[in-house]
Amino acid sequence: MTPLAAQRDLLVGVDVGGSKIAVLVAGPALGVRGRFALPTEVGSQEQAADVIGDAVGAALGDAGAALDRVAAVGIGVPGRVDPVSGTVSLAVNLGWNELPLGPQVEARLGTPVRLENDVRAAAYGLYERRVLGDVADLAYLSVGTGVAAGIVLDGRLHRGARGLAGEVGHIVVDPAGPPCPCGLRGCLEVLAAGPAVAMRAATALREGRPSSLPSADLTAADVYAAAAAGDPLGSEIAADVGAHIARAVHLLVMAYDVEVVVLGGGVAGAGDAFLDPILRALDRLREASALAREVLRPGVIHLLPAGSEAGAWGAVALARSAASGDRPSPVAGREVGDA
């Protein structure tokens with residue numbers, strides 16, 4: 001990798017999420033120079049490049065820097081992404097379809113742009129910044145609006161033959177469960193993602209279950225706060241979700257033989273209320289299986305603390321790669337579903 005040009009020494013990471021766009025400006029040594037965030041209200045996809053460009057400009061203003069200081073921009077997007085062409089083929093939550101976002105932002109800003117699925121970008125960023133130390137095989141499991149994993153094997157981002165590696169949100173865990181937008185029933189995402197957690201609690205309240213949970217504008221964060229306070233309904237839901245996530249951790253370790261599974265995303269921001277039921281479920285798996293005890297050793301999971309900005313830092317890692325001249329590997333297909 002070649003060093004960044006002295007006059008273009010800043011890296012910009014853009015994390016396009018379901019609720020907000022977060023921009024991070026970093027120096028060559030990855031020190032934070034500026035930040036900016038705004039709600040994800042980009043309107044039609046024809047406006048997307050302008051909205052992102054304006055957000056990058058605002059973050060550079062916070063950094064006290066001009067655009068001519070930027071070496072490259074990385075963008076993480078939830079949905080199907082072709083990293084070679086820089087096209088968002090489908091981002092359901094954003095209403096984007098076959099959007100050449102990378103080339104459009106690159107033309108607007110006049111700087112190299114690298115595009116990637118947001119969860120995969122976050123996984124690559126965790127490795128690239130050595131957040132876990134000298135770990136070259138890891139999975140980043142994001143539990144938020146959706147559920148998906150990014151995989152790093154031997155220090156390289158692993159997409160798979162069709163770009164589907166890590167799409168555990170669409171693995172069926174309960175064939176009799178609720179329908180999933182992918183067409184199946186009982187996928188992990190419709191049982192453990194944030195909207196699913198909130199919907200289950202809201203349904204229980206309508207059915208007359210006693211609880212301290214609010215009856216309106218209920219969120220997954222409310223459910224976990226209630227669980228932490230000992231609310232029976234909140235505790236029940238947290239335990240069930242924890243069992244599902246523990247099975248996903250087990251699957252990732254068995255399928256990819258990773259050393260660590262990192263938990264992040266909006267729902268994981270609940271901290272111990274989110275993590276403790278997962279740990280208990282992992283203990284049950286260990287008790288039932290000698291093989292599970294071997295692969296699910298203590299320390300196999302790592303919870304990112306709230307405010308870790310994994311998505312934005314992953315986008316900075318993309319920018320660093322683009323500025324150094326690295327090219328993404330082509331894949332035969334694209335990702336499925338939003339994460």
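Y224 is not connected to M199 by any chain of hydrophobic side-chain contacts under 4.5 Å among Ile, Leu, Val, Met, Phe, Trp and Tyr, and they are in different clusters. Note on L285 and V241: same hydrophobic cluster, where clusters join Ile, Leu, Val, Met, Phe, Trp and Tyr whose side-chain heavy atoms are under 4.5 Å apart, directly or indirectly. When hydrophobic clusters are built by joining Ile, Leu, Val, Met, Phe, Trp and Tyr residues whose side-chain heavy atoms come closer than 4.5 Å, directly or via intermediates, V172 is not grouped with V168. When hydrophobic clusters are built by joining Ile, Leu, Val, Met, Phe, Trp and Tyr residues whose side-chain heavy atoms come closer than 4.5 Å, directly or via intermediates, I237 is grouped together with L218.
Here the straight-line distance linking atom CD of E189 with atom CG of L184 works out to 12.0 Å at 0.5 Å rounding. In this structure, CG on L11 lies 9.0 Å from CH2 on W313, to the nearest 0.5 angstrom. How far CG of N117 is from CG of D82: 12.0 Å, rounded to the nearest 0.5 Å. Taking CD1 from I171 and SG from C180, the interatomic distance works out to 11.5 Å, rounded to the nearest 0.5 Å. Rounding to the nearest 0.5 angstrom, the gap separating the CG atom in D118 from the CD1 atom in I75 is 12.0 Å. The distance from the CZ atom of R33 to the CG atom of L60 is 11.5 Å, given to the nearest 0.5 Å.
In terms of heavy atoms, D15 sits closest to A312 at CB-N, 3.6 Å. When all heavy atoms of V25 and V12 are compared, the closest pair comes out as CG2-CG2, 4.2 Å. Taking every heavy atom of both residues into account, V143 and A192 meet most closely at CG1-O, 3.5 Å. A pairwise comparison of heavy atoms in A91 and V77 identifies CB-CG1, 4.5 Å as the closest pair. Summarising the geometry of V70 relative to R8, their closest heavy-atom pair is O-NH1, 2.6 Å, with the distance given to 0.1 Å. Here the closest non-hydrogen pair linking L318 and G74 is CB-CA, 4.0 Å.
L304 is listed as a side-chain neighbour of H302, based on a closest heavy-atom distance under 4.5 Å. Counting only heavy atoms from C-beta outward, the side chains of Q45 and L101 never approach each other to under 4.5 Å. By the 4.5 Å heavy-atom criterion applied to side chains, L126 and V135 are not counted as neighbours. L30 is listed as a side-chain neighbour of R129, based on a closest heavy-atom distance under 4.5 Å. Within the 4.5 Å cutoff, the side chain of P39 has no heavy atoms near those of the K20 side chain. Between L99 and Q104 there is a side-chain heavy-atom pair separated by less than 4.5 Å. R108 has its side chain within reach of D50: a pair of non-hydrogen atoms, C-beta onward, lies under 4.5 Å apart.
Residues forming a side chain to side chain contact (heavy atoms under 4.5 Å, CB included) with S211 (at least two apart in sequence, or on another chain): L205, L213, D231, L233.
Under a 3.5 Å cut-off, the side chain of S308 and the backbone N or O of P305 do form a donor-acceptor pair. Formation of a donor-acceptor pair under 3.5 Å by the D137 side chain with backbone atoms of L153 is not found in this model. R320 places no side-chain N or O within donor-acceptor distance of the main-chain N or O of A72, the cut-off being under 3.5 Å. Under the 3.5 Å distance criterion, the side-chain polar atoms of D222 are matched with a main-chain donor or acceptor of T219. In this structure, R120 contributes its side chain and R159 its backbone to no donor-acceptor pair below 3.5 Å. A donor-acceptor distance shorter than 3.5 angstrom exists from the side chain of S289 to the backbone of L291, with no hydrogens or angles considered. Looking only at distances, a side-chain donor or acceptor of E106 sits under 3.5 Å from a matching main-chain atom of V113. Listed for the R185 side chain is no donor-acceptor partner under 3.5 Å among the backbone atoms of P178.
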Name every donor-acceptor pair, under 3.5 Å, that has one atom in a side chain of residues 260-282 and the other anywhere in the protein, sequence neighbours excluded.
none

| task | Show the numbers, then the answer: is there a side chain to side chain contact (heavy atoms under 4.5 Å, CB included) between V253 and V258? | result | CA-CA 5 Å; V253 174; V258 291; 4.3 Å; yes

| field | Verdict with supporting geometry, V16 and W96, side chain to side chain contact (heavy atoms under 4.5 Å, CB included) | value | CA-CA 12 Å; V16 181; W96 296 351; 4.1 Å; yes

| request: Could you give me the CA-CA distance, side-chain angles and deciding distance for E259 and L138, then say whether side chain to side chain contact (heavy atoms under 4.5 Å, CB included) is met? | output: CA-CA 6 Å; E259 185 175 347; L138 65 91; over 6 Å; no

| Derivation of the side chain to side chain contact (heavy atoms under 4.5 Å, CB included) call for L109 and I52 | CA-CA 10 Å; L109 299 179; I52 290 173; 5.9 Å; no

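Among residue pairs with one or both ends in residues 289-314, those qualifying as salt bridge (Lys or Arg N to Asp or Glu O under 4.0 Å) are R35-E309, E294-R297; sequence neighbours excluded.
Checking R200 against T203 by side-chain atom types alone, no donor-acceptor pair falls below 3.5 Å.
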